[in-house]
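Everything on this sheet refers to the single structure shown next.
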Amino acid sequence: TAFFTPKHLAGKRVVITAGPTFEPIDPVRGITNLSSGKMGYALAQAAQQAGANVVLVSGPTALAEPYGVQRMDVQTAQQMLAAVQAHIADTDVFIAVAAVADWRVAEPSAQKIKKQAGSLPSLAFVENPDILATIAALPNPPYCVGFAAESENLAEYAQAKRAKKNIPLIVGNVAQTALGADDNELLLCDAAGTQRLPRASKQVLAQQLIEAISQRLG
Ligand code: C5P
């Protein structure tokens, strides 16, 4: 952590999504993923240290609430979208770091599904909303930042994703082991090209990314 943090985001409002989502199958079962939330929480703390008013919309994680940050706990992608929409008015920057489940179970069972000899349950899925693309499509959107995890052709796929979601900045995870790890390596992709942030802790990368975002805000 820097000894002195410049207040790059003083007076700015920032909304961040972090962690996995949890999509229920029945009252005791569900579908989730291995996102730890560390990168999103580090960004929330870095934005707060840079002077921003920060709302952190978080799926289930084992992490403590960052100091001075307003955390909203959610489980499903639909709840995450609703919480973001409830806080997006007058927001300057939206950073989507959450690993949102692409699909949810169409009709979660109200009762625990019983095991029955000789029969297997089958699940039907429906697509979840794309939270980042939804916010980017608002008439007067905040500055939107997305993340991309790709196993190959990172810059090319990240730029394609940036265009598809119609956002100014997308951040590629260079380290393929980023999920759950304490450090990472990032590739910032915007209309001007790409910029590499070399391997460092997620805390240090978060400070560098917040500074890069504040420069792009002008
Ligand atoms: O399309 P893909 O999931 O690869 O895009 C990743 C980016 O989009 C991340 O920033 C993620 O937080 C965001 N996203 C989202 N809602 C979804 C899926 C992805 O906000 N349903």
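All values below were derived from every heavy atom in this structure, side-chain atoms included, with hydrogens, water molecules and symmetry-related copies excluded. All ligand and atom numbering here is 1-based and tracks the order in the structure.
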- May I ask you to identify the nearest protein heavy atom to atom 19 (C) of ligand 1, giving residue, atom name and distance to one decimal place in Å? Lys165 NZ, 3.7 Å
- Identity and distance of the protein heavy atom lying nearest atom 7 (C) of ligand 1: Phe147 O, 3.1 Å
- Query: Does a sphere of radius 6.0 Å around CG in Asp90 hold more than 12 heavy atoms from other residues, nucleotides or ligands, not counting ones at 6.0 Å or beyond?
  - Reply: no
- Query: Considering only the protein, which heavy-atom contact is closest to atom 20 (O) of ligand 1, and what is its distance?
  - Reply: Leu132 N, 2.9 Å
- Message: Can you tell me how far apart CG (Leu197) and CD (Gln207) are? Round to the nearest 0.5 Å.
- Response: 12.0 Å
- Flag Asn128 as yes when one of its N or O atoms lies below 3.5 Å from any N or O atom of ligand 1, and as no otherwise. no
- What are the atoms of ligand 1, with element, lying closer than 4.0 Å to any heavy atom of Gly146? 10 (O)
- Query: Between Phe147 and Leu43, is any pair of side-chain heavy atoms under 4.5 Å apart?
  - Reply: yes
- Which residue and heavy atom of the protein sit nearest atom 21 (N) of ligand 1, plus the separation: Pro129 O, 2.8 Å
- Task: Consider only side-chain N and O atoms of Gln45 and Gln48, and report whether a donor and an acceptor are under 3.5 Å apart.
- Result: yes
- Task: Look at atom CD of Gln215 and say whether more than 12 heavy atoms of other residues, nucleotides or ligands are closer to it than 6.0 Å.
- Result: yes
- Query: When clusters are formed by joining ILVMFWY residues with side-chain heavy atoms under 4.5 Å apart, either directly or through shared neighbours, do Val171 and Val14 land in the same one?
  - Reply: yes
- Message: Let me confirm one number: the CD-CG distance from Gln70 to Asn53, rounded to the nearest 0.5 Å.
- Response: 7.5 Å
- Query: Which distance, rounded to the nearest 0.5 Å, do you find between the CG of Asp130 and the CG of Asp102?
  - Reply: 8.5 Å
- Task: Check Ala98 against ligand 1 and report side chain, backbone, both or neither, counting heavy atoms closer than 4.0 Å.
- Result: backbone
- Task: Starting from atom 18 (C) of ligand 1, locate the nearest protein heavy atom and write down its residue, its atom name and how far away it is, to 0.1 Å.
- Result: Val100 CB, 3.9 Å
- Task: State whether the shortest distance between N or O atoms of Ala96 and N or O atoms of ligand 1 falls below 3.5 angstrom.
- Result: yes
- Nearest non-hydrogen protein atom, atom 4 (O) of ligand 1: Lys161 NZ, 2.3 Å
- atom 16 (N) of ligand 1 sits nearest the protein heavy atom Ile131 N, 3.0 Å
